[in-house]
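Taking it in order: structure first as structure tokens, then the write-up.
Positions are given from 1, in the same order as the sequence printed here.
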Amino acid sequence: MRAAEWTKNYLAAGLLARQLTVSGEIIIEKIGMEAVGQADLKETQIFELLSGLTKCYPCLKLKVIDGLCDVTVKIFSYNKTLYDNCFYENLQNFLERFIGAVTGVQGCKIRLNIYGEMASLDMVEKFRYLNKGELVSHKIEESNKRHIMLPKLRRKLFEKFIGIK
């Protein structure tokens, strides 16, 4: 029973997979001209959080860049297949944990701007994540329906072989 359910979910995810494009950055800086050092970041387990995100979503490319007075984490992914239906919530939870860890360092503040596009069979959504202090929110800025024959064909195959509408 469990194998049949797993196979059904796998096929459903394969037919209904979404394409993810993400770009953005998280900027960590201290108030004033004091530099944010590697010791500050290691102290808060930020690198462990980032490695956890890349384990969960290997399609995301993360790059940590040391600036003069700040540290920037760049996030990028272009047109990668994503099988997770809870991506928005999972990324928001990660960002909230990340910001909580960074604000534990005295005098650090964080700016967050991540935007992207999620394309499914019949819908294209443009989204954005922003923060204000420790609060992180995401919103879908634009949502457009696709009128392509391929999504309709894939949906019909999905209904026929899996038996779910």
Here the salt bridge (charged side-chain N to carboxylate O under 4.0 Å, His left out) pairs for residues 19-28, sequence neighbours left out, are Glu25-Lys74

### Task
Show your reasoning for whether ring-ring contact (aromatic ring centres under 6.0 Å, His included) applies to Phe127 and Tyr88.
CA-CA 9 Å; Phe127 62 89; Tyr88 295 130; 5.2 Å; yes

Heavy-atom nearest pair, Lys80 first then Cys59, reads CB-CB, 3.5 Å

### Task
May I have the step-by-step check of side-chain hydrogen bond (donor to acceptor under 3.5 Å, both in side chains) for Asn113 and Tyr129, ending in yes or no?
CA-CA 6 Å; Asn113 184 18; Tyr129 286 87; over 6 Å; no

SG (Cys86) and CG (Leu91) are apart, to the nearest 0.5 Å, by 12.5 Å

Residue pairs passing the salt bridge (charged side-chain N to carboxylate O under 4.0 Å, His left out) test with at least one member in residues 123-139, sequence neighbours excluded, are Arg128-Glu141

- Query: Are any of the side-chain heavy atoms of Leu95 and Ile26 separated by less than 4.5 Å?
  - Reply: yes

Using modelled atom types only, decide if a donor and an acceptor are shared between the side chain of Gln19 and the backbone of Met118 within a distance under 3.5 Å.
no

Fill in: Test side-chain hydrogen bond (donor to acceptor under 3.5 Å, both in side chains) applied to Glu142 and Asn144, step by step
CA-CA 7 Å; Glu142 189 177 330; Asn144 296 323; 2.9 Å; yes

For residues Ile110 and Phe98, determine if any side-chain heavy atom of one lies less than 4.5 Å from a side-chain heavy atom of the other. yes

_Contact check, side chains of Met123 and Ser143, non-hydrogen atoms, under 4.5 Å_ = yes

* Can you get from Leu130 to Phe87 by hopping between Ile, Leu, Val, Met, Phe, Trp and Tyr side chains that sit under 4.5 Å apart? -> no

On a heavy-atom basis, the closest approach of Thr54 and Leu60 is CG2-O, 4.1 Å

A side-chain contact here means heavy atoms from C-beta on lying under 4.5 Å apart; do Ile65 and Val71 qualify?
no

Side-chain heavy atoms of Val73 within contact of Lys63, under 4.5 Å: no

>> If you count heavy atoms of other groups shown closer than 6.0 angstrom to OH of Tyr115, is the number above 12?
In response: no

So OG of Ser23 and OH of Tyr78: to nearest 0.5 Å the spacing works out to 12.5 Å

The reported gap from CG in Asn131 to NZ in Lys109 (rounded to nearest 0.5 angstrom) is 10.5 Å

Heavy-atom closest pair (Ser137 atom, Gln92 atom, distance to 0.1 Å) is CA-NE2, 4.1 Å

Discussion item. Less than 4.5 Å apart, side chain to side chain, heavy atoms only: is that true for Tyr57 and Leu20?
Written reply: no

The residue among Ile27, Ile99, Ile75, Ile28 that forms side-chain contact (heavy atoms from CB on, under 4.5 Å) with Leu112 is Ile99

> Could you walk me through whether Leu62 and Phe76 pass the side-chain contact (heavy atoms from CB on, under 4.5 Å) check?
Replying inline: CA-CA 7 Å; Leu62 302 178; Phe76 181 77; over 6 Å; no

